[in-house]
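Heads up, the thing below is written out as structure tokens.
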Amino acid sequence: MQDQGFMKSTIGKDFLYGGLVFLTICAFLGFLSNPATRDVIINNYYDIGMFFGIVGLGLFFIGIGARTPGVIAGGAIGSFIVLTAPQDALVRYLSLSALLFGIGMYGMIKSRNAVRVLMSIELMLNAVNINLIAFSRFVDPVQVKGQLFAIFILTVAAAEAAVGLAIVLAVYRNMSTVDMNKFNLLKW
Amino acid sequence: MDQYMILKDYVSSADAETALFYVIAILAISLSVGVISDRNIIRSGFILIGVFGAISGLFLMLQAQFLALAQVMIYAVGITLVVVIALMLTNPRSEREAVITEGDEFSQETGAVQFIQRLQQGTPAFVAVFSFFTIYLAIRSESWTPVTEKVSTDNVKVLGEALTTVYSLPFEFASVLLLAALIGAIMLAKAEKRQPAIESAED
């Protein structure tokens, strides 16, 4: 492992991917800052193309052996900046909430530990809260109805966490494991 | 060099709120990736506090002061505490394997079978990226007309009045739901009595 060199090691590939994404962001912001090229970018949907480029590059790097979490973090931050830089504030908040929702969904499906599944669900509920509060700030600032709904979501999240963790404890007592792949209680 | 000067002007012309938003957003994204991918699950439970703190910072930027503090109290203290205690009770050391594991059950098969296995493992990522992108396109294609006025400074008062007048019925239902969840959680988590002892006594 030692004689392979830094760029061939796993963490080197992570850093290489991060550096490529960073260069992409810098180039994108550079083109966006210039008024002549800004219209070209916005009219031709270059940012969406760059998003697909970042995703494809991430798939390529996972294919050649970079670690998945590093690639997910770099790709998520890069695509978030690229997709929201030309937009206004409301779209930025909503995109952040969509991104956190996507990360939570990925974690919920991929996790092996049942408690981590619950953590991912909390993440998704938080993303929804950001959504509602952004709406109450930018669309309805007088009667802040979005914050009301966020309070109710907070309540439901607390109840869900208590019941979910109690279920996890009960299952652990019966089966001595919290591995999702070993649960077959509800199979028909 | 010219391009660099234009970029510098662009970055410095962005206001402080945008800069702060991006700092907090990047913090929240990277910490949440840490939550779903840390090998040590106790540590990911503590990283979750950081995610909730970052999101409460976002709430402060959105002028929802009450919800920011409620977020810190309920999520960052309450729910995370419950999660960590549940982790300690379920003995996470015995299953310390990574969450996002590549090919633990990768068989030695080659060719098409391995390709299909890889596709199966890539499905969650595809679903997540696809749903994010769909939501993003829906958000972006809508032409929002944001109002320019600020949130009123007494929005906590507005919230309290709405909760006790117009939304009093959902508020009561929320309290009943909490009570039911509490009782249900106690019922589920309570250790059952050992029945065999009684049976042997009868024998």
Side-chain angles (χ1 to χ4, degrees), chain A residues 29-30 33-34 55 68-69 72-73 76-77 80 83 90-92 94-96 98-100 102-103 105-107 109-113 115-116 118-120 122-123 126 130 133-134 137-139 141-144 147-148 150 152 154-155 158-159 161-163 165-170 172 178-179, chain B residues 3 6-7 10 21 25-26 29-30 32-33 35-37 41 44 48 51 55 58-59 62-64 67 70 74 78-79 82-83 86-87 89-90 95 99-100 124-125 128-129 131-132 135-136 139-140 144 146-147 149-152 155 158-159 162 167 170 174 177-178 181-182 184-185 188-189:
Chain A
L29 287 182
S33 60
N34 198 337
V55 172
T68 316
I72 291 174
I77 292 172
F80 175 67
L83 286 178
L90 177 61
V91 178
R92 281 176 186 159
L94 298 187
S95 309
L96 176 64
L99 185 56
L100 286 183
I103 291 175
M105 186 186 290
Y106 178 72
I109 303 173
K110 267 292 209 189
S111 299
R112 308 264 312 259
N113 195 319
V115 182
R116 207 192 296 260
L118 286 173
M119 287 188 211
S120 306
E122 299 297 333
L123 216 63
N126 253 294
I130 295 178
I133 293 179
R137 162 73 178 81
F138 290 106
V139 179
V142 180
Q143 317 166 300
V144 277
Q147 298 190 18
L148 273 169
F152 289 126
L154 224 66
T155 318
V163 175
L165 291 168
I167 291 174
V168 168
L169 283 185
Y172 178 72
V178 284
D179 195 331
Chain B
Q3 190 70 36
I6 295 175
L7 179 61
Y10 179 72
F21 168 72
I26 288 172
I29 293 170
S30 36
S32 58
V33 172
V35 167
I36 65 167
S37 64
I41 188 160
S44 83
L48 197 62
V51 179
I55 290 174
L58 281 181
F59 288 174
L62 287 169
Q63 298 171 4
L67 268 161
I74 295 176
I79 291 182
V82 174
V83 164
L87 281 178
L89 287 178
T90 51
E95 23 204 308
V99 214
I100 301 171
V129 172
S131 58
F132 162 68
I135 297 172
Y136 171 76
I139 293 164
R140 171 200 169 109
W144 305 103
V147 287
E149 58 185 318
K150 300 262 176 186
V151 173
S152 57
N155 60 358
V158 176
L159 272 182
Y167 294 93
L177 172 76
L178 272 182
L182 211 67
L188 279 172

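Letters A, B, ... mirror the listed sequences (proteins, then strands); counts begin at 1.
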So, for [X] and [Y], which heavy atoms are closest and what is the spacing to 0.1 Å?
X: B:S32; Y: A:I103; answer: OG-CD1, 3.7 Å
X: A:A166; Y: B:L188; answer: CB-CB, 3.8 Å
X: B:Y136; Y: A:S95; answer: CD1-OG, 3.5 Å
X: A:P69; Y: B:V33; answer: O-CG1, 3.6 Å
X: B:V158; Y: A:Q143; answer: CG1-CA, 4.4 Å
X: B:S131; Y: A:M105; answer: OG-SD, 3.8 Å

Heavy-atom distance under 4.5 Å between the side chains of [X] and [Y], does that happen here?
X: A:L123; Y: B:V51; answer: yes
X: B:I29; Y: A:L96; answer: yes
X: B:I55; Y: A:I130; answer: yes
X: B:S37; Y: A:T68; answer: no
X: A:L165; Y: B:V83; answer: yes
X: A:M119; Y: B:I41; answer: yes
X: B:L67; Y: A:L154; answer: yes

Measuring from atom [atom1] of [X] to atom [atom2] of [Y], what distance do you get when rounded to the nearest 0.5 angstrom?
X: A:R137; Y: B:N155; atom1: CZ; atom2: CG; answer: 11.0 Å
X: A:E122; Y: B:L48; atom1: CD; atom2: CG; answer: 7.5 Å
X: A:Y106; Y: B:F132; atom1: OH; atom2: CZ; answer: 16.0 Å

For [X], is it the side chain, the backbone, both, or neither that has a heavy atom closer than 4.5 Å to a heavy atom of chain B?
X: A:L148; value: both
X: A:L118; value: neither
X: A:F152; value: side chain
X: A:S120; value: side chain

Quiz item: Given the options B:A70, B:P124, B:A174, B:G184, which has more heavy-atom pairs under 4.5 Å with chain A than any of the others?
Solution: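 Heavy-atom pairs under 4.5 Å are most numerous for B:P124.
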| query | What residue in B:A185, B:G78, B:A162 has the most heavy-atom pairs under 4.5 Å with chain A? | reply |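 Among B:A185, B:G78, B:A162, the one with the most close pairs to chain A is B:A185.
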Take A:F138 and B:L62, measure what side-chain contact (heavy atoms from CB on, under 4.5 Å) needs, and give me the verdict at the end.
CA-CA 9 Å; A:F138 290 106; B:L62 287 169; 3.7 Å; yes
Tell me, for B:I135 versus chain A, whether the close heavy atoms (under 4.5 Å) come from the side chain, the backbone, both or neither.
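Side chain only.
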Review point. So which of A:N126, A:V144, A:I109 has the largest heavy-atom pair count under 4.5 angstrom toward chain B?
Key: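 Winner by heavy-atom pair count: A:N126.
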